[in-house]
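All of these numbers come straight from a predicted model, not from anything done at the bench.
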Amino acid sequence: MKLGVVGLPNVGKSTLFNAITEAGAEAQNYPFCTIEPNVGVVAVPDERLEVLGKMYNTKKITHAIVEFVDIAGLVKGASHGEGLGNKFLSHIREVDAVVHVVRCFRNPDIIHVEGSIDPVRDIETINTELVLADLESVEKRLSKAEHLVRTGEKKYAEEYDLLKKLQACLNEGKCLRTLALKGDEKELADSYFLLTNKPVIYCANIDENDIGKTNGLSEKVREYAEAEGAEFIEISAGVEAEIASLPKEERKDYIEGLGLGASGLDRMISKCYSLLGLISYLTAGEKEVRAWTIARGTKAPQAAGKIHTDFEKGFIRAEVVAYDDIVAQGGFNQAKEKGLVRSEGKDYVVKDGDVVLFRFNV
């Protein structure tokens, strides 16, 4: 899973990126310090792996991973190449979802490129540039489709109709993710890698003193996200930086002391999994305990293919036990004795937290 962290310059993108990835991207008080996207890979927090690791006395624990890409700040006119617009837009095309960081903190020492703090205006500045970039892409495709539709082939007529629908949405200034597409239309639209078609989480970056309080600025972001059907999260990048600077054993107490329940990273990853329809199944043994990320609804052979293509090609069956059951019984064999391990075939849909042993033949 690759997430692009975007926003106007000086909204706290790189500070947040540093905190959640501990990758040390440069964070300075001036626009465009992030010229090339910084990339950080983080483990998906999953306490189930540690429990299984102890149960199996495993030699290795491997978490699922999320790749965060810190993308250069955007300014008005980016769709026409202003600032670092062209680089910015090309990097967004490569991510699975967008974390849109919006400034909701007041700090007179940190300049704002627009001269004032207005989260809805800031969101719409970026969304407008993405809409304009998508409109240009769609109209180029539409120009080609107009010629092909004359051949009379059904597939070209269907593509032409879809492109007209996308064009109409963009001409209204709306992001394509707000357009209800299903089936073949959605599949075709996804193949265009359009910017405003990507799922988004609006991340309100608040001041540490506003944690646990009502922040009028972040509430505006929440309302905007709800109106668009997007996800929303409230994070203090400064606090996340403090959490990241602590020894790991001290972080839990610090987070609980702030009344957060979980770090911003944990909450963000959870929302991203939900947004993208992802789950994790688990494999466990003495050599390794590991989480594997799959799309919700994935059947057993395709889930096995995540481990190795031979597992999918030669799939025979999957021996499956729920995580809670294996923990309650103290191991796979004990769960099997209790009749809690199921033998599942090719049509089985793997569930989050399934502990799976695949049987295959090649």
Side-chain angles (χ1 to χ4, degrees), residues 1 3-7 10-25 27 40-51 63-68 70 97-107 110 117 119 122-123 199-226 230-276 278-280 291 293 352-353:
M1 180 166 63
L3 306 175
V5 184
V6 306
N10 294 351
V11 299
K13 287 188 303 86
S14 294
T15 300
L16 181 61
F17 174 83
N18 288 354
I20 61 181
T21 66
E22 300 176 11
V41 177
V42 301
V44 175
D46 194 335
E47 293 179 354
R48 298 174 299 190
L49 297 180
E50 315 305 324
V51 174
H63 288 253
I65 60 168
V66 176
E67 193 172 318
F68 283 92
D70 181 23
V98 173
V99 177
H100 186 155
V101 183
V102 187
R103 179 171 173 173
C104 293
F105 63 89
R106 297 174 177 88
N107 185 336
I110 298 180
I117 300 172
D122 293 353
I123 289 172
V200 66
I201 293 176
Y202 290 108
C203 175
N205 184 14
I206 62 172
D207 189 80
E208 178 178 351
N209 296 327
D210 286 334
I211 292 175
K213 301 175 185 176
T214 300
N215 179 306
L217 295 173
S218 70
E219 281 304 304
K220 290 180 180 179
V221 179
R222 183 194 299 274
E223 290 166 6
Y224 192 97
E226 287 176 354
E231 288 281 0
F232 167 82
I233 189 170
E234 195 175 66
I235 287 179
S236 169
V239 168
E240 293 302 314
E242 289 176 25
I243 293 170
S245 70
L246 293 172
K248 290 187 177 179
E249 60 273 13
E250 295 179 19
R251 293 178 186 176
K252 188 175 181 181
D253 289 341
Y254 183 78
I255 290 166
E256 288 176 355
L258 290 169
L260 287 173
S263 72
L265 171 62
D266 290 10
R267 289 182 287 125
M268 186 181 294
I269 289 176
S270 176
K271 281 187 177 288
C272 288
Y273 261 62
S274 173
L275 188 68
L276 294 171
L278 301 176
I279 62 170
S280 291
T293 301
D352 185 64

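- Formation of a donor-acceptor pair under 3.5 Å by the Arg267 side chain with backbone atoms of Ile233 is not found in this model.
- In this structure, a donor-acceptor pair under 3.5 Å is absent between the side chains of His100 and Glu231.
- Residues Ala43 and Ile269 come closest through the heavy atom pair O-CD1, 4.2 Å.
- The nearest pair of heavy atoms linking Gly40 to Phe17 is N-CZ, 3.5 Å.
- Side chains of Glu208 and Ser236: a donor-acceptor N/O pair is absent below 3.5 angstrom, by distance only.
- Annotation: cation-pi geometry not satisfied between Arg222 and Tyr224 (NZ/CZ under 6.0 angstrom from ring centroid, within 45° of ring axis).
- Remark: Asp207 engages no residue in a salt bridge (Lys or Arg N to Asp or Glu O under 4.0 Å) (not counting sequence neighbours).
- Val44 has its side chain out of reach of Thr293: every pair of non-hydrogen atoms, C-beta onward, lies at least 4.5 Å apart.
- Salt bridge Lys13/Asp70: present, at least one basic N to carboxylate O contact under 4.0 Å.
- One finds the NZ atom of Lys220 at 10.0 Å from the CG atom of Asn215 (value rounded to the nearest 0.5 Å).
- Shortest non-hydrogen contact noted between Tyr202 and Ile123 is CE2-CG2, 3.7 Å.
- In terms of heavy-atom proximity, Asn205 sits nearest to Gly12 at ND2-CA, 3.7 Å.
- The shortest heavy-atom contact between Leu276 and Pro199 is CD2-CG, 3.8 Å.
- Between Val239 and Tyr254 the shortest heavy-atom distance is CG1-CE2, 4.4 Å.
- Looking only at distances, no side-chain donor or acceptor of Asn18 sits under 3.5 Å from a matching main-chain atom of Ala241.
- At a threshold of 4.5 Å between non-hydrogen side-chain atoms, the residues Ser263 and Arg251 do not count as touching.
- One finds the CD1 atom of Ile279 at 9.5 Å from the OH atom of Tyr273 (value rounded to the nearest 0.5 Å).
- The side-chain heavy atoms of Ile235 and Ile206, taken from C-beta on, include no pair separated by under 4.5 Å.
- Partners of Glu67 according to the salt bridge (Lys or Arg N to Asp or Glu O under 4.0 Å) rule, which considers only residues two or more places apart in sequence or in another chain, are Lys2.
- Under the 3.5 Å distance criterion, the side-chain polar atoms of Asp352 are matched with a main-chain donor or acceptor of Ser280.
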